[in-house]
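Note that these values count all heavy atoms, side chains included, but never hydrogens, waters or copies made by symmetry. Naming convention: chains lettered A, B, ... in sequence-line order (proteins, then strands); numbering from 1 in each chain.
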Number of protein chains: 2
Amino acid sequence: MQKEHNLSKNQKIIFDLIDKSRGPMKAYSILFNVQKKGIKAPLQVYRALDKLVEIGKIHKIESRNAFIACQNSSCQVSKATAFSICESCENVSEISNSKLSKYLSNFSDSSGMKYSKYNLEFFGLCKKCKSK
Amino acid sequence: MQKEHNLSKNQKIIFDLIDKSRGPMKAYSILFNVQKKGIKAPLQVYRALDKLVEIGKIHKIESRNAFIACQNSSCQVSKATAFSICESCENVSEISNSKLSKYLSNFSDSSGMKYSKYNLEFFGLCKKCKSK
DNA sequence: CTTATAAATGTTATATTATTACATACTGTT
DNA sequence: AACAGTATGTAATAATATAACATTTATAAG
Ligand SMILES: [Zn+2]
Ligand SMILES: [Zn+2]
Ligand SMILES: [Zn+2]
Ligand SMILES: [Zn+2]
């Protein structure tokens, strides 16, 4: 069950924008889009993004410096994320595969490290781009 | 067998620096360190980094915007990378685990995407930091 | 209701990371 | 020698992210 987070004003504005977007959004593109709603400075955007990432409502696509709404209802926190990224059209989707997440969450090696979080990004060509 | 790449002057200077470093290095820290060798501009650094990444001599740690020498002799190209990152001391090491790499290289799902590359970053506490 | 505390906001300035554009030089091949 | 591909030099600028400080709002005790 997803914990209900009462988003603040700025958080809600920014989450709604990202959630409605068809793909990942970059911070300054977000900023541009919310200026009419009174959010004027980069820091206001980054603060909201940080919080939204922290509570798992959005994820950062590290290789793209972009943010996407969580597409996985069972993803309470951003501790185990996997994405597929098309290198041609830049379409991104969150992978929801219980075998994969189980495998990675249980992964351990001889290094003595205790893993508490992972992020995986797969790259390739999506169906559409493959057939071009 | 690793293909022998004849690194150019700038590529060699920058690879040697990263290879000798104890941890991942950031681009502008690299720049600072090689200025005495005549590399003056960011672009000279980024061009060498791009090439070194392309041929698999170094990898980019996406979540840190930093670069580390390949620690895995069998890693010919940067198409299948996995790292463990300590969130306390920021120590990074490349994971070389054939089961993991086999599992991820063979991963496919119903999305119709053809995956040709992946990057995985595990986060946690290293042995030292755990016991503090 | 008052006080205390944490969380969020507003604002300005600045730091950090990365690329565009253009000119020149080097390297290997025919 | 001519060509193609790769690498370099340089200046300017774009894109991404954080520091510092003042103020306001929300939440919870007492
Ligand atoms: Zn998610
Ligand atoms: Zn595509
Ligand atoms: Zn490697
Ligand atoms: Zn550590």
(Q) So, does A/Lys9 get its side chain near the phosphate of D/dT24, meaning an N or O under 4.0 Å from OP1 or OP2? (A) no

Q: Report yes if a side-chain nitrogen or oxygen of A/Asn65 is closer than 4.0 Å to either non-bridging phosphate oxygen (OP1 or OP2) of D/dA15; otherwise report no.
A: no

Q: Go through the steps to decide whether A/Ser8 and A/Asn10 satisfy the test side-chain hydrogen bond (donor to acceptor under 3.5 Å, both in side chains), and finish with yes or no.
A: CA-CA 6 Å; A/Ser8 73; A/Asn10 288 0; over 6 Å; no

Q | Over 12 foreign heavy atoms within 6.0 Å of NZ, B/Lys130 | A | yes

**Q.** Flag side-chain contact, heavy atom, 4.5 Å: B/Ser63 against B/Phe123
**A.** yes

Q: State, yes or no, whether a side-chain contact exists between B/Leu120 and B/Leu100 at a heavy-atom distance under 4.5 Å.
A: yes

Q.
Whether B/Asn10 contacts D/dG9 is assessed here as follows: a side-chain N or O lying under 4.0 Å from the phosphate OP1 or OP2. Is that the case?
A. yes

**Q.** A/Glu62 CD to C/dT17 P, straight-line distance once rounded to whole Å
**A.** 14 Å

Q | Gap between atoms CD1 and P, on B/Ile13 and D/dG9 respectively (whole Å) | A | 8 Å

Q: Mind calculating the distance between CZ (A/Arg64) and P (C/dA18) to the nearest angstrom?
A: 13 Å

Q.
When you measure from the side-chain N and O atoms of B/Gln44 to the phosphate of D/dT10, is any distance below 4.0 Å, counting only OP1 and OP2?
A. no

(Q) Could you tell me if the side chain of A/Asn33 sits less than 4.5 Å from the side chain of A/Met25, heavy atoms only? (A) yes

Q: Mind calculating the distance between CG (B/Leu31) and P (D/dT10) to the nearest angstrom?
A: 13 Å

Q: May I have the distance from A/Leu43 (atom CG) to D/dC21 (atom P), rounded to whole angstrom?
A: 14 Å

Q. In whole Å, what is the span from the CZ atom of B/Arg47 to the P atom of C/dA25?
A. 15 Å

Q: State, with a plain yes or no, whether a side-chain heavy atom of B/Ser93 is found less than 4.5 Å away from one of B/Phe83.
A: no

(Q) I need the OH-P distance between B/Tyr46 and C/dT20, as an integer number of Å. (A) 13 Å

Q | DNA chain C-proximal residues of residues 21-28 of chain B, any heavy atom under 4.0 Å | A | B/Lys26, B/Tyr28

(Q) Parallel, tilted or perpendicular, judged at 30° and 60°: which one describes the rings of A/Phe122 and B/Tyr118? (A) perpendicular

**Q.** Distance test, side-chain N/O of A/Ser8 to OP1/OP2 of C/dT9, below 4.0 Å
**A.** yes

Q: Report which part of the nucleic acid A/Lys60 touches: base, sugar-phosphate, or nothing (heavy-atom distance under 4.0 Å, all strands).
A: sugar-phosphate

Q: Send over the distance from B/Leu7 CG to D/dT6 P, rounded to a whole Å.
A: 15 Å

